[in-house]
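Labels below follow one simple rule: chain letters A, B, ... track the order of the sequence lines, proteins then strands, and each chain is numbered from 1.
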Amino acid sequence: MNELPKRFDFKSIDQKWSTYWEDQEVFHARQQTGKEPYTIVIPPPNVTGILHMGHALNNTLQDIIIRYKRMNGFETLWMAGTDHAGIATQNVVEKALAKEGKTRDELGREEFLNRLWQWKQEYGDTIIHQLKKLGASCDWQRARFTMDDEYSQAVNLTFVKLYDKGLIYRGQYIINWCPRCHTALSDEEAEHEETQGALYHFRYPFKDHPDQYVIVATTRPETMIGDTAVAVNPNDDRYQKFIGKKLVLPLMHREIPIIADEFVDPAFGTGAVKVTPAHDPNDFEMGQRHNLESINIMHPDARLNEKAGEYQNLDRFQARKKIVEALRNLGLLEKIDDHTHAVGHCYRCHTVVEPYLSRQWFVKMKPLAEPAANAVRDGEITFYPNRWEKVYLNWMDNIRDWCISRQIWWGHRIPVWYDDEENIYVALTEAEAKQKAQEKRGKEVSLRQDPDVLDTWFSSWLWPFATLYWPKDNAELKYFYPTASLFTASEIIFFWVARMIMAGLEFMGEIPFKDVYIHGTVRDDKGRKMSKSLGNALDPLEIIEEYGADALRFSLIMNSGQDLFISKDKFEIGRNFANKMWNAARLILLNVKSHDHSYDLAKICEQENLDLTCRWIISRFYSTLEKVSLAIEKYRYSEAENEIYDFFWGNFCDWYLEMIKDRWTEDVVQYVTLHILEESLKMIHPFMPFVTEEIWSIIHPQEQAISLQNWPVLEKQLIDESFEKDMTLIIDIITAVRQSRAQWNIKPNEEIIVNLATNLDDLKSLLTANQSILIKLCRIKKLSIADDLPEEKNAAKGVVAVVKYAIPLTEVVDIDAEKRKMLKQITDQKKAAENLSKRLNNKEFVKKAPDHVVAADQERLESLQSKIKELEDVITNLN
RNA sequence: GGACCCGUAGCUCAGUUGGUUAGAGUGUUUCCUUGACAUGGAAAAGGUCACAAGUUCGAAUCUUGUCGGGUCCACCA
């Protein structure tokens, strides 16, 4: 056996195995008959992305289950790829251009797109390389990009289909406008934040009585330039008499009417609202109801336009100041109140978004949302943890139409063409549009394509099937779709998860995945979100460099119950555990001389002479394996890791390897030890792929990689609790002796005697021969042999049990304490039984309560009664 | 305004249907270590399970309320 280094040297090993896996195409999925597919699609990271802790967590979770399923004989496909991330990517390239002193308009559309593709070519795969470092077992050969040709065709097709179905329409509405990105945003892309602002109260004079006025309140004074009415509630006594009267809009000197609308809340502000149909969604609706003019007062960059007169070309916030000043000078400023309210910000550049009237394309969501909501309601799709279903359903039930056009260049161009009469042709290609135009117009006309592109998410929502070359009818699509599970953060539920479900049902007629696992957010140790701008982000690549990929993965999962609070030292756990495995393997390989696999574990276990130590570790391994498998299936990863950690470190290393340390000459010991190590490696492999692969390759240089080995078969018959109980008892006693050695003056030789015990019979006879130790043990557990012994707390566990075993050997034990305890239990449980039967005899209760409640009560009563009997029997025997 | 989550050891968290003496890791203190591992081993200290009331023979666990921390949704100008 080769000499292994003292410490696990992850640096050389991580790289070695990533390369190996890729070269050997270990993760490449192929359609196979007789094998069940298991598919996951990666949440495609943005091409602008660099790996952060959120990615590390997200992809580790996926990798664990995909490796687990692969080892369990599934044909696993983990679809890889990246998202073109429209606005984000365009922003990055625009910034680079700005450094050269250029703008995209100067460059022109075509040249700008060339620059974007160039950028994508150069940097777009950065994150994919980083994911490989993490050990993510994606099918990299299949990696897709949302702007691949086939993918783009799929996007166009869905647009056409939805349009033909009447689910896509174009119209003038108030949308969220980002003045910095110069584009419309969907409601989800506008992030609302509580902001400390002001509520300005202005006086709008009456036309006929310039000395009298109505006071209106607003948070955005500059919008008054576009006011076309003032609205009051029709039932508001204060204002009823003014309805229909005219006011004069200050500064603009425009006549505006006072209208009545139910929308107005008399209790808020002054009860009178200035109405700006072009710059507020509610005002827009009121404008529609009352046929008001909509006056757009802003340029796309939020400077005021020519409608603003002397305020023209001022930025909205500068204009705000000036207008307030002007009104103050006119004596029309009533007051300014402090006011906190939610203000929308662009989710990409964090600029305050402007409600802006413009013509955009929308998807009608209600018809799509209904089946998607039902899929979750009916349990076809399950969220883990379950509480997210409520969040999802709440959104689905209150869904609003989706604004899908973006005024940027990077993305899928909207497949719509217009002719000189503004007729609309929706088609898959320009040629098809031309043909349609020809038919309609009876002559050839020149067409121009809609300049806008589609929302990034309008392509991402097709990800689970467009990556498999939908709409092409192909066998792989049938084989790998629908996918099994989806892993993502809660922020993406509305953007992506919900819409994928809609798209899956609409275009494939089938849900895109069965399980949705929502993981927590990675935060720093103070609970703040990790972000570059805050400077509190831990870089996963640095952690990999310093602690190893396995350590990063293991530690992240260990902390992944809800939100994760991560600081650097957290990664020591994973590093130390990897090192522990390494050194356990080192010890074993130093001592195991032969790799004799002719043994059969089941047969060995049947042999009577297999000692408790070996039998125990075998049983412990398989009960751990069972728990770990179950935990993975239920997406309870941190639980699985805890089981692994306890078993491997707490049982296998701390006890088992210590107990067999003088028995390496025994063939059976060698076999059992190596076997448990190998099976443990397989069990741990999904969590820590690199160390396990390395150790495995040292043990089996000729065999194929552990990534391709089968998950250990659960030998249920080898799980035997009685062995685990016996060993637990021995461990408890040994621990008790150690813990109390000072207090009860346990001599070194006595401790050695106890340590020698490797099975219960041993221990009993050892204690029989050395009754002084037994007496000390009794003392530790307060089972006093003399009344004057002090009662100590924190006595070790388990000693009471050995005392029970030892009862025939000695008279020292006070069994009265045991008896008293049992007697109390009996009275308690009798009382419980009495109450239960009272309730069951109550006809009212039996009638009213649901059947299962009554049944449960009955069952409990029976179990109580049998327990009481059992206890009474024990007591009789004691007497 | 609506919905959801969390308060357990100094810190980070387990505690799966209520059931013996509430557990880990980390930090602190003590001792050990010379062929698996100081990224190690053995041990000590440290908790009225946020608070209050209720249900129960029995509550960290179930119910209600209070306080504290967090998240998401919502058109209050």
- Query: Got a salt bridge between A/Glu222 and A/Arg316, using NZ or NE/NH1/NH2 to carboxylate O under 4.0 Å?
  - Reply: no
- Can a salt bridge be assigned to the pair A/Lys634 and A/Glu639 using a cut-off of 4.0 Å between side-chain N and carboxylate O? no
- Separation of B/rU26 P from A/Phe554 CZ (nearest whole Å): 12 Å
- Separation of atom CZ in A/Phe571 from atom C1' in B/rU26, rounded to whole Å: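 In whole Å, B/rU26 C1' and A/Phe571 CZ are 14 Å from each other.
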Using a 4.0 Å heavy-atom cut-off, does [X] contact any base of the nucleic acid, only the sugar-phosphate backbone, or nothing at all?
{"X": "A/Lys390", "answer": "sugar-phosphate"}
{"X": "A/Asp654", "answer": "sugar-phosphate"}
{"X": "A/Asn559", "answer": "sugar-phosphate"}
{"X": "A/Phe494", "answer": "sugar-phosphate"}
{"X": "A/His339", "answer": "sugar-phosphate"}
{"X": "A/Arg7", "answer": "base"}
{"X": "A/His192", "answer": "nothing"}
{"X": "A/Glu285", "answer": "nothing"}

Between [options], which nucleotide has the shortest distance from any of its atoms to the side chain of [X]?
{"X": "A/Asp265", "options": "B/rA77, B/rC37, B/rU12", "value": "B/rA77"}
{"X": "A/Leu590", "options": "B/rA36, B/rA74, B/rA77", "value": "B/rA36"}
{"X": "A/Val391", "options": "B/rA36, B/rC72, B/rC73", "value": "B/rC72"}
{"X": "A/Lys570", "options": "B/rU39, B/rA77, B/rU12", "value": "B/rU12"}
{"X": "A/Val264", "options": "B/rG25, B/rA77, B/rG41", "value": "B/rA77"}
{"X": "A/Glu639", "options": "B/rU16, B/rG40, B/rU39", "value": "B/rU16"}
{"X": "A/Val273", "options": "B/rU39, B/rA77, B/rC37", "value": "B/rA77"}
{"X": "A/Arg636", "options": "B/rC76, B/rG15, B/rA36", "value": "B/rG15"}
{"X": "A/Asn394", "options": "B/rU16, B/rA77, B/rC73", "value": "B/rC73"}
{"X": "A/Phe565", "options": "B/rA74, B/rC5, B/rU12", "value": "B/rU12"}

Any strand is fair game: report the nucleotide pairing with [N] by Watson-Crick or G-U wobble, both distances under 3.5 Å, or none.
{"N": "B/rG65", "result": "B/rC51"}
{"N": "B/rA74", "result": "none"}
{"N": "B/rC13", "result": "B/rG23"}

- Task: Validate the cation-pi geometry between A/Arg499 and A/Trp402: distance from NZ or CZ to the six-membered ring centre under 6.0 Å, angle to the ring axis within 45°.
- Result: yes
Indicate whether OP1 or OP2 belonging to [N] is found under 4.0 Å from a side-chain N or O atom of [X].
{"X": "A/Arg586", "N": "B/rC37", "answer": "yes"}
{"X": "A/Asn282", "N": "B/rC76", "answer": "no"}
{"X": "A/Arg400", "N": "B/rC75", "answer": "yes"}
{"X": "A/Trp664", "N": "B/rA36", "answer": "no"}

- Might you confirm whether atom CG of A/Asn398 has over 12 heavy atoms from other residues, nucleotides or ligands at distances under 6.0 Å? yes
- Task: Give a yes or no answer on whether the side chain of A/His519 reaches the backbone of A/Tyr517 with a donor-acceptor pair at less than 3.5 Å.
- Result: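 Judged by distance alone, no pair lies under 3.5 Å.
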- Should the ring pair A/Tyr356 and A/Trp177 be called parallel, tilted or perpendicular, given that the plane angle runs from 0 to 90° and is split at 30 and 60? tilted
